[in-house]
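Some notes on the structure that comes next.
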Amino acid sequence: MSQKSAYNVAVVGATGAVGQKIIELLEEKDFPIDQLKLLSSKRSAGTKKMFKQQEVIVEEAVPESFTGVDIALFSAGGSVSKKLAPEAVKRGAVVIDNTSAYRMDDSVPLVVPEVNKADLKQHQGIIANPNCSTTQMVAALKPLKDAFGLKRIIVSTYQAVSGAGNEACDELTKQSQDYLAGKELHAELLPVKGDKKHFPIAFNALPQIDVFQDNGYTFEEMKMINETKKIMHASELSVAATCVRLPFFTSHAESVYIEVEKENVTVEDVWKQLQGADGLVLQDNPSEQLYPTPLTAAGKEEVFVGRVRKDLDHKNGFHLWIVSDNLLKGAAWNTVQIAQELIQNNWLQR
C-alpha cells in the first residue's frame with residue numbers, strides 16, 4: 001500500500017459507545033479520509049450518523065464491506081473481530097482492533113503509541129488495541145520503567161460503567177432512579193451479561209469485571225497482567241490486578257503500587273519523569289487537594305497521575321493514582337493514534 005494523501009476508512013461497531021467516539025475523533029483530528037464507511041450489526045444497519053456535516057448511513061458489516069478499505073477500526077466485540085478482521089486483511093485493509101480477540105496473539109502487535117509504537121512496524125495486517133485499564137497504566141508507568149526499572153506492579157482498579165457499554169449506563173441510571181424512589185432494583189447486565197448472576201451497580205461496588213478464570217482471577221484482571229508484560233516487553237515483571245466496577249459513567253481510576261529497581265529514588269524523581277512524559281498530566285499537590293478524579297478526566301485524551309507516595313515499608317516501593325477517560329485514551333483515542341502513527345511513519349504496508 002503506497003503512501004496516499006487520503007484513505008478509505010471503515011469503522012466497525014459504529015453505533016456503539018467506542019465506535020461513536022472514534023467517529024467524533026476522526027472528524028475532530030481532521031484524519032485524512034477519502035471515504036468513510038460505517039458498519040454495524042444487521043440490527044443497527046440503516047442508522048444515520050453525521051460526519052463533517054454529511055449524513056452517512058450505517059451498513060451491515062459483511063466480508064465484502066472491506067473491499068477498497070485501507071484502514072478498518074474494529075470495536076464490535078471479539079466474535080465479530082474473529083470473523084471479519086481476517087476478511088478485511090484479505091481485501092487489503094489494515095485492522096486496528098479494540099477487542100481482546102488478538103491481543104495475546106504473538107503475531108499481532110499490542111500497542112500504546114507512547115509506550116511501544118515501534119512494534120507497529122511488525123504488523124501483518126492486524127494491530128490490537130489494549131484493554132482500557134491496561135492502556136492508562138502502562139502509559140503512566142513507561143517513563144518510570146525507563147528511568148528506574150520496574151520489578152513489580154500491584155493494581156486495584158475503580159472502573160466506570162461505560163466500559164460495559166451503553167446498555168449498562170442505561171441500567172445504572174434506571175437503578176439509581178429506582179433506589180432513590182425506594183423501588184426494588186433489577187439487574188440484567190452486570191457484572192457480566194452472560195454470567196449466571198447479576199447484581200445492581202447503583203450505590204454498589206462489584207469486584208468482578210468479566211468472567212472468573214480457573215485461578216480465581218477474572219478475565220479482565222488476567223488481561224491487565226498479560227497485556228502489561230507484552231506491551232512493556234517484560235515477561236519477568238511481577239503483575240497482580242484486582243478489577244472493580246463502580247457506579248459512575250466515565251473514566252477509570254487505578255491505585256497502583258510499584259517497586260522500582262533503582263535505589264534511592266525519591267518522589268521528586270518520579271514527578272520529574274512524569275512531568276515531561278508524552279500524553280501524561282501530573283496533578284499532585286496534597287496541600288491544595290490537587291489530584292485527578294474520574295469527573296475531571298472525562299472528555300480528555302491524556303492520562304492523569306497524582307497521589308505519588310513512597311511506600312512506608314519498602315524502600316523501593318511507590319504508590320500512584322492513575323485516571324483516564326476509558327472511552328478516549330482507553331479505547332477510541334488510542335485507536336486513532338495508532339492509525340495516525342501508521343500513516344505518519346509509512347507503516348501501513350505490511
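Only heavy atoms go into these numbers, but all of them, side chains included; no hydrogens, no water, no symmetry mates.
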Show, in sequence, the C-alpha distance, side-chain angles and deciding distance for K83 and E87, and conclude whether the salt bridge (charged side-chain N to carboxylate O under 4.0 Å, His left out) test is met. CA-CA 7 Å; K83 179 181 175 184; E87 296 292 341; over 6 Å; no

Using the rule given for salt bridge (charged side-chain N to carboxylate O under 4.0 Å, His left out), can you reason through K329 versus E114, listing the C-alpha separation, both sets of side-chain angles and the distance that settles it, and then say yes or no? CA-CA 11 Å; K329 183 55 186 168; E114 295 89 344; 2.8 Å; yes

For this session: Could you check K117 against E341 for salt bridge (charged side-chain N to carboxylate O under 4.0 Å, His left out), going step by step and ending with a plain yes or no?
Result: CA-CA 8 Å; K117 72 178 181 182; E341 292 289 350; 3.7 Å; yes

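Once rounded to the nearest 0.5 Å, the distance linking OG1 of T218 with CD of Q208 reads 7.0 Å. Of the inter-residue distances, the one linking N116 atom CG with L110 atom CG reads 7.0 Å to the nearest 0.5 angstrom. In this structure, CZ in F304 is found 9.5 Å from OG1 in T293, a value given to the nearest 0.5 Å. With rounding to the nearest 0.5 Å, the separation of CD1 in I225 from CD in E220 is 11.0 Å. The structure places CD of E60 at 8.0 Å from OG of S41, a figure rounded to the nearest 0.5 Å.
The environment of CG in L295 is sparse: at most 12 heavy-atom neighbours from other residues, nucleotides or ligands sit within 6.0 Å. Heavy atoms of other residues, nucleotides or ligands lying less than 6.0 angstrom from CD of Q213 number more than 12. Sparse packing is recorded around CD of Q54, with 12 or fewer heavy atoms of other residues, nucleotides or ligands lying under 6.0 Å away. Shown here is R309, whose CZ atom has more than 12 heavy atoms of other residues, nucleotides or ligands within 6.0 Å. Surrounding NZ of K310 are more than 12 heavy atoms belonging to other residues, nucleotides or ligands, all under 6.0 Å away. The 12-atom threshold is exceeded at NZ of K229, counting heavy atoms of other residues, nucleotides or ligands nearer than 6.0 Å. Atom CG of N285 is surrounded by more than 12 heavy atoms from other residues, nucleotides or ligands within 6.0 Å. At most 12 non-hydrogen atoms from other residues, nucleotides or ligands lie less than 6.0 angstrom from CZ of R307.
At distances below 3.5 Å, at least one donor-acceptor pair connects side-chain atoms of D284 with backbone N or O atoms of V308.
Side-chain contact check for D325 and S251: no donor-acceptor pair (N or O, by modelled atom type) lies under 3.5 Å. A donor-acceptor pair shorter than 3.5 Å cannot be found between the side chains of N131 and S100. Side-chain polar atoms of Q136 and S324 form no donor-acceptor pair below 3.5 angstrom. Judged purely by distance below 3.5 Å, without hydrogens or angles, the side chains of T173 and D170 never pair a donor atom with an acceptor atom.
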Got a list of side-chain donor-acceptor pairs under 3.5 Å for residues 44-53, not counting sequence neighbours?
| unit_1 | atom_1 | unit_2 | atom_2 | d |
| --- | --- | --- | --- | --- |
| T47 | OG1 | S44 | O | 2.6 |
| K52 | NZ | D30 | OD1 | 2.8 |

Could you tabulate the donor-acceptor pairs under 3.5 Å formed by side-chain atoms of residues 176-194, not counting sequence neighbours?
| unit_1 | atom_1 | unit_2 | atom_2 | d |
| --- | --- | --- | --- | --- |
| S176 | OG | L172 | O | 2.8 |
| D178 | OD1 | K174 | NZ | 3.3 |
| D178 | OD2 | K174 | NZ | 2.7 |

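Remark: K300 fails to qualify as a cation-pi partner of W333 under the 6.0 Å distance and 45° angle criteria applied to the six-membered ring.
A salt bridge is defined here as a Lys NZ or Arg NE, NH1 or NH2 lying under 4.0 Å from an Asp or Glu carboxylate O, and K223 with D210 meets this definition. Under the 4.0 Å criterion applied to side-chain N and carboxylate O atoms, K315 and E263 are assigned as salt-bridge partners. Salt bridge status for D70 with K4: present, with a side-chain N to carboxylate O gap under 4.0 Å. A salt bridge between E261 and K151 is absent, with no side-chain N of the basic residue lying under 4.0 Å from a carboxylate O of the acidic one.
L38 places none of its side-chain heavy atoms less than 4.5 Å from the side chain of V12. Using a 4.5 Å cut-off on side-chain heavy atoms (C-beta onward), H123 and V94 make contact. The closest side-chain heavy-atom distance from K21 to I23 is not below 4.5 Å.
Under the 4.5 Å side-chain heavy-atom criterion for Ile, Leu, Val, Met, Phe, Trp and Tyr, V244 and I154 are members of distinct hydrophobic clusters. Under a hydrophobic-cluster definition in which Ile, Leu, Val, Met, Phe, Trp and Tyr are linked whenever side-chain heavy atoms come within less than 4.5 Å, directly or via other members, V281 and V115 are assigned to different clusters. Under the 4.5 Å side-chain contact rule for hydrophobic residues, M137 and M104 do not share a cluster. In the hydrophobic clustering of ILVMFWY residues, with side-chain heavy atoms under 4.5 Å counting as a link, V305 and I231 come out together.
Listed here is the closest heavy atom pair of P200 and L206: O-CD2, 3.8 Å. When all heavy atoms of A297 and V323 are compared, the pair lying nearest together is CB-CG1, 3.7 Å. Considering all non-hydrogen atoms of both residues, N166 and A17 come closest at OD1-CB, 3.4 Å.
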